[in-house]
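It should be emphasised that the depicted structure is a prediction, and the values quoted were computed from it without experimental measurement.
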Amino acid sequence: MSSSLWTVTEETFNPQTLHHSETVFTSGNGYLESRGAFEEGYPGERRTTFLHGVFDDIPISFTELVNAPDWLELHLFLDGEFFRLDRGQILTYRRTLDLRNGRVSRTVRWRSPQGKTTRLEFERFASLADEHVLILRVQITPEDYSGTLEVRAGWSGDVDNLNYKHWEWLAQQATPEICALHVRTQATRVELGAASRLTLTPDLPAEISAWDVHNHPTQVLKTSLEQGKPLTVEKTAVYFTSRDVDNPYHAAQEKLLSLPVPAWDALWEPHTRAWEEDWQACDVEIEGDDEAQIAVRFSLFQLLAAAPRHDERVSIGAKTLSGYGYRGHVFWDTEIFMLPFFTYTRPHIARNLLSYRYHNLEGARKKARAGGFQGAQFPWESAATGEEVTPTWVPHFADRTQVVRIWTGDIEIHISSMVCYGIWQYWKATGDEDFLLERGAQIFFEVARFWASRAEWNEHTGKYEFNDVIGPDEYHDHVNNNAFTNAFARWTLEKAVWLFDYLKQNHPGVAEGYIQNLQMTPEELQRWQEVARRIDYAVDPETGLVEQFKGYFQRRDVDLQAMEPRTESVQVIFGIEGTNETQVLKQPDVLMLAYLLPELFDKKSLQVNYDYYTPRTDHTYGSSLGPSIQAIMACRVGKQEDAYEHFMRAARADLRDVRGNAGDGIHGASAGGVWQAVVFGFGGLQFHNGTWTVTPHLPHHWKRLVFRFTWRGKSYVIDLPNKGPFSSEEA
């Protein structure tokens, strides 16, 4: 494939889109990610480096990922003038993100306020081969002058999270050879050790000194610039935390001292090999649609850059590690939208993500107990401990003097089944019996206990109900018998009973262990069956139309098409309560249900539900989770053009900032959904009873689609030329 189809490029610098660009040029290695801030800084920037698992307490949002001391800091004084893009004149500018290896490059020709022109070429990457190591370099070429160069690079412990400071100083070191800082989060007491050094190439006469400024140790390199002759300054940086080692301050310095000088070439080769291995397992090739090709690879890169390879106690937040949005919290976005990509391409990463839920099972038990229920109820928003961290109140989006009650942490309860669904899909795809026996089964049983205790018996209908809930469609809260929630409660209870029987037959010792440790009884299993059998689920027996929740059909219908064009969500236009009274959807629960549990719908009922709920969905300004699933369902009802429109809406979420909020961070669910839309929608990959089939639905202008996946330990490459309609016999 052309190298241009592996590169995201910014040809001009626009300060008005600074935060959006910072998100797009985020790079990382699964241990940390750094936003695409400039090394030299810029006014109003949101420069962050987030490390997995490093949370600290804050007001309102309970806890958040902590912005780490900044490894990118590199200040250049060119013949006495400070280089920054808001000074002087930008003659040429180009920035690229190479999706093959995560290298961020920037070339600037800059005329200083005094009229001197310099060419600067920046490069950086976070090593995928050694996750604690990062490196950047800049090649400096004075075009029309000779003069002095001064480089200042250090570590500031005074960094903040949008003006909230988390770090307290412990120790530091500043010498001509090394610069190091030791800090600790104020509430959670996570320690961080950071170390760096500067190197000059070629080996010219230079003076390197150190400023031992409290909480900001800095190295200073001084040398001479000669007109037309380039020189390169390299900064090598290392992070460790107390989540990794007992003494992160010592570990960071020791690692840095073990690296070669200069380090770029030695680090680059193993780093690119590691990325090549990932891409060989998961690349998607689209011939005939360059924008879709780049968007898909960008989405997969952002998922891979955020994916923990060596830590099973962390997961991927809704905004990955790329911005302040949602404070780094983990939602169902991970299990339903991001996890399938890893399950079917990098299953060892999928195992880590699911293990995060296992390690935080006690937090889920605590949430269930707090609500008066049994078993485990996973939090709507999760951080380090698995306890609920959804903010209870937030400032009103239209009036900062008002606050809005957030109910999702209280009553959006389907997430517990989403964890189980992710486990089930992972087990089916990988056959990882050890995970199921040791971890997955326990989660299933504890979640089944929650559902059985949460169910309410209605004597008048003879049904078990789940009242006062929020489904995936968050435009409607405090509803009763949400179809998605009820169907998944039933699914989880049925699968838990099946799973226990499976253990008794195939692993009797494990089954006996759960009987003893969880005090499971035949009576309890019988209750699970009884509740599952009699859960309320409203579907018209003649048409197959499913009512999203009880009373939904009585809500006011709105012609969304008549409201176009618009630039705001329906919830902004009608208000929170006003939208709640309509049939307008943030995302269609029933179509999501049909995607995840297709066995509940035949061809006729799928078409009926698609036709009913599609025009009632706020596709453009509703949930970013919706378009990718809508694309898949459009494929399944034969609406190719609609499918492509929804797919591109998901694909452009970050690159084109179609929702106006990409500056908050990557839409992780949308990125995962893009992969699913291509593979499960256009590619038509489906799994049935231990095997798989492919029934393509390629967009008309795509010439070829190639994707890769792993099933039961075997790797497959599916090459689909666009031959027009695909017969069922070919599937």
Side-chain angles (χ1 to χ4, degrees), residues 28-32 34 39 49 51 54 68-75 123-138 151-157 159 167 169-184 190-223 231-274 309-311:
N29 61 4
Y31 177 75
L32 55 73
S34 296
E39 287 81 355
T49 291
L51 284 71
V54 181
D70 176 33
W71 74 280
L72 293 173
E73 180 183 294
L74 192 77
H75 295 156
E123 296 178 288
R124 69 173 79 149
F125 69 90
S127 174
L128 195 65
D130 189 339
E131 63 184 12
H132 299 281
V133 180
L134 310 98
I135 190 165
L136 67 85
R137 66 184 181 184
V138 55
V151 183
R152 302 173 186 173
W155 296 97
S156 173
V159 292
W167 298 107
W169 180 88
L170 295 177
Q172 69 182 57
Q173 183 179 358
T175 71
E177 292 74 34
I178 193 170
C179 191
L181 181 67
H182 189 194
V183 290
R184 179 173 60 199
V190 177
E191 295 183 22
L192 179 142
S196 63
R197 69 172 181 227
L198 290 176
T199 306
L200 180 65
T201 307
D203 188 14
L204 300 170
E207 173 192 342
I208 300 181
S209 59
W211 295 351
D212 197 13
V213 179
H214 178 70
N215 210 23
H216 199 156
T218 302
Q219 285 183 304
V220 182
L221 182 153
K222 295 180 180 179
T223 189
L231 58 79
T232 300
V233 176
E234 178 182 284
K235 181 181 181 181
T236 310
V238 174
Y239 286 104
F240 277 89
T241 77
S242 54
R243 298 184 68 260
D244 314 314
V245 294
D246 291 335
N247 190 332
Y249 184 52
H250 174 75
Q253 295 177 65
E254 190 175 60
K255 167 66 75 171
L256 182 67
L257 293 173
S258 72
L259 299 174
V261 182
W264 183 284
D265 291 340
L267 296 176
W268 179 249
E269 185 179 352
H271 165 76
T272 54
R273 282 202 308 268
R309 281 132 174 102
H310 310 296
D311 190 346

Sidechain-backbone polar pair: Arg152 side chain, Leu74 backbone, donor-acceptor under 3.5 Å: no
Pro69 to Gly157 - nearest heavy-atom pair and separation: CG-CA, 4.5 Å
Test item: side-chain donor near acceptor, Glu73 and His216, under 3.5 Å: yes
Minimum heavy-atom distance between Ala274 and Ala129, given as atom pair plus value: CB-N, 4.3 Å
Glu191 side chain vs Val183 backbone, donor-acceptor pair below 3.5 Å: no
Aromatic ring proximity, centroids under 6.0 angstrom, His132 and Tyr239: no
Separation of Lys235 NZ from Arg197 CZ (nearest 0.5 Å): 13.0 Å
Stepwise side-chain contact (heavy atoms from CB on, under 4.5 Å) test for Trp155 and Asn215: CA-CA 8 Å; Trp155 296 97; Asn215 210 23; over 6 Å; no
Heavy-atom side-chain contact between Val220 and Trp211 under 4.5 Å: yes
Check: Ser127 and Ile135 side chains under 4.5 Å, non-hydrogen atoms: no
Pairwise distance CG(Leu221) to OG(Ser209) - rounded to 0.5 angstrom: 8.5 Å
Under 3.5 Å donor-acceptor, Gln253 side chain and Ala180 backbone: no
Leu128, Val133, Asn29 screened by side-chain contact (heavy atoms from CB on, under 4.5 Å) with His271, the one that passes: Leu128
Side chains of Gln172 and Asp212, donor plus acceptor under 3.5 Å: yes
With Glu39 via salt bridge (Lys or Arg N to Asp or Glu O under 4.0 Å) - residues at least two apart: Arg106, Arg124
Option from Thr223, Leu200, Thr199, Thr201 for which side-chain contact (heavy atoms from CB on, under 4.5 Å) with Val233 holds: Leu200
From Trp169 atom CH2 to Leu181 atom CG, the distance as rounded to the nearest 0.5 Å: 9.0 Å
Test side-chain contact (heavy atoms from CB on, under 4.5 Å) applied to Thr236 and Leu136, step by step: CA-CA 7 Å; Thr236 310; Leu136 67 85; over 6 Å; no
Residue pair Ser196 / Trp71, side-chain donor-acceptor N/O under 3.5 Å: no
Working for salt bridge (Lys or Arg N to Asp or Glu O under 4.0 Å), residues Glu123 and Arg137: CA-CA 5 Å; Glu123 296 178 288; Arg137 66 184 181 184; 2.8 Å; yes
Shortest non-hydrogen separation from Pro176 to Ala210 and the atoms involved: N-CB, 4.1 Å
Rounded distance (nearest 0.5 Å) linking atom CD of Gln219 with atom CD1 of Ile208: 6.5 Å
Atom pair OG1/CZ of Thr241 and Arg243 - distance to nearest 0.5 Å: 6.0 Å
In a table with atom names and distances, give each donor-acceptor pair under 3.5 Å that connects a side chain of residues 260-270 to protein atoms at least two apart or in another chain.
unit_1, atom_1, unit_2, atom_2, d
Glu269, OE2, Arg273, NH1, 3.2

Beyond-backbone contact of Leu51 with Val190, side-chain heavy atoms, under 4.5 angstrom: no
Side-chain heavy-atom pair Ile178, Leu256 within 4.5 angstrom cut-off: yes
With Asp130 via salt bridge (Lys or Arg N to Asp or Glu O under 4.0 Å) - residues at least two apart: Lys255
